[in-house]
Amino acid sequence: MNLRGRNKISPEFSMSSMTDIVFLLLIFFMLTSPAITPEALDLVLPKAKGKTTTKQNVAVSITKDLQVYIDKERVSNSSLEARLKQALSGVEDPTIILRAEEGVPIERAVDVMDIANRNRYKIVLAVKPE
């Protein structure tokens with residue numbers, strides 16, 4: 001007499017449903033990952049060479065009262081270009097660091113940039129970190 005039942009439980013496990021779920025999740029994350037950072041730019045950034053040199057720079061500061069300073073010495077707007085030429089004469093790779101307080105009209109900063117452009121000086125805009 002056969003006492004075994006007809007319903008046998010198979011010890012094998014079917015992986016097809018598991019792989020379907022994994023592929024659906026993979027496709028979902030592949031499609032949504034570019035939407036996470038839409039404003040990001042793909043940039044190739046320059047690499048540092050490891051050697052630093054100290055340069056002679058001149059700082060031009062413009063206050064809210066529209067007073068112009070070269071380093072810590074006050075100068076008039078009319079003599080600014082002559083004083084910059086004097087300060088940067090004989091300097092290799094002359095650089096101007098421009099510091100303008102908040103509220104200074106952009107025309108004042110552009111005037112300094114024009115002087116730097118006419119005399120082929122590099123200009124660096126100094127901003128306050130947030």
Side-chain angles (χ1 to χ4, degrees):
M1 175 173 226
N2 191 0
L3 294 176
R4 287 182 171 180
R6 292 186 180 185
N7 295 332
K8 287 187 178 180
I9 297 175
S10 173
E12 298 174 9
F13 182 70
S14 175
M15 292 292 290
S16 63
S17 60
M18 181 71 77
T19 52
D20 289 344
I21 292 172
V22 169
F23 280 126
L24 283 174
L25 287 173
L26 178 68
I27 291 171
F28 172 76
F29 286 118
M30 285 175 56
L31 292 176
T32 58
S33 64
I36 293 172
T37 56
E39 293 90 20
L41 297 175
D42 188 21
L43 299 176
V44 178
L45 298 175
K47 295 185 172 128
K49 297 192 179 189
K51 182 180 177 185
T52 59
T53 58
T54 56
K55 297 180 190 175
Q56 278 190 315
N57 298 325
V58 172
V60 175
S61 303
I62 305 173
T63 64
K64 289 180 190 176
D65 304 329
L66 302 180
Q67 297 174 352
V68 180
Y69 292 86
I70 294 180
D71 291 329
K72 292 186 178 186
E73 184 180 342
R74 185 168 182 226
V75 295
S76 65
N77 289 333
S78 59
S79 66
L80 177 63
E81 185 168 3
R83 298 292 298 270
L84 282 173
K85 283 182 181 180
Q86 178 185 4
L88 293 172
S89 64
V91 175
E92 182 181 330
D93 197 23
T95 304
I96 297 174
I97 300 171
L98 177 59
R99 294 184 178 102
E101 280 188 304
E102 192 174 332
V104 172
I106 192 69
E107 291 86 14
R108 299 293 183 173
V110 170
D111 290 340
V112 177
M113 290 180 200
D114 286 340
I115 292 170
N117 192 24
R118 276 195 301 267
N119 295 297
R120 299 189 182 198
Y121 301 146
K122 288 184 182 177
I123 191 154
V124 177
L125 300 175
V127 293
K128 182 179 175 183
E130 293 182 7

| Test side chain to side chain contact (heavy atoms under 4.5 Å, CB included) applied to S79 - qualifying residues, sequence neighbours left out | V75, S76, R83

| Y121 versus M113: any side-chain heavy-atom pair under 4.5 Å? | no

| request: Starting at CE of M30, measure out to CG of L25 and round the result to the nearest 0.5 Å. | output: 13.0 Å

| field | Nearest heavy atoms of E81 and R118, plus distance in Å | value | OE1-NH2, 3.0 Å

| query | Side-chain contact, heavy-atom cut-off 4.5 Å: V60 with Y69? | reply | no

| Between I115 and L66, is there a shared hydrophobic cluster once you connect ILVMFWY residues whose side-chain heavy atoms come closer than 4.5 Å? | yes

| task | For D20, enumerate each residue passing the side chain to side chain contact (heavy atoms under 4.5 Å, CB included) test, keeping only those at least two apart in sequence or located in another chain. | result | none

| query | Got a sec, which hydrophobics cluster with L24, joining ILVMFWY side chains under 4.5 Å apart, including via others? | reply | none

| task | Would you kindly confirm whether L125 and V58 end up in one hydrophobic cluster when ILVMFWY residues are joined by side chain heavy atoms under 4.5 Å apart? | result | yes

| said: Which heavy atom of R74 sits nearest to which heavy atom of Q67, and what is that distance? | reply: NH2-CG, 3.5 Å

| task | Mind checking side chain to side chain contact (heavy atoms under 4.5 Å, CB included) for R120 and listing every partner two or more places apart, or none if nothing turns up? | result | none

| said: As an exercise, state the distance from CG of D93 to OG1 of T95, rounded to the nearest 0.5 Å. | reply: 5.0 Å

| request: Examine L80 and I97 and state if one hydrophobic cluster contains both, with Ile, Leu, Val, Met, Phe, Trp and Tyr joined whenever side-chain heavy atoms are less than 4.5 Å apart. | output: no

| message | Working to the nearest 0.5 angstrom, can you tell me the gap between N119 CG and S89 OG? | response | 11.5 Å

Can you give the donor-acceptor pairs under 3.5 Å from side chains of residues 103-112 to other protein atoms, not counting sequence neighbours?
none

| request: Identify, with sequence neighbours excluded, every residue that meets side chain to side chain donor-acceptor pair (under 3.5 Å) alongside D114. | output: none

| said: Return the CG to OG distance between D71 and S61, rounded to the nearest 0.5 Å. | reply: 8.0 Å

| task | Hey, could you give me the CD1/CG distance between I96 and L84, rounded to the nearest 0.5 Å? | result | 4.5 Å

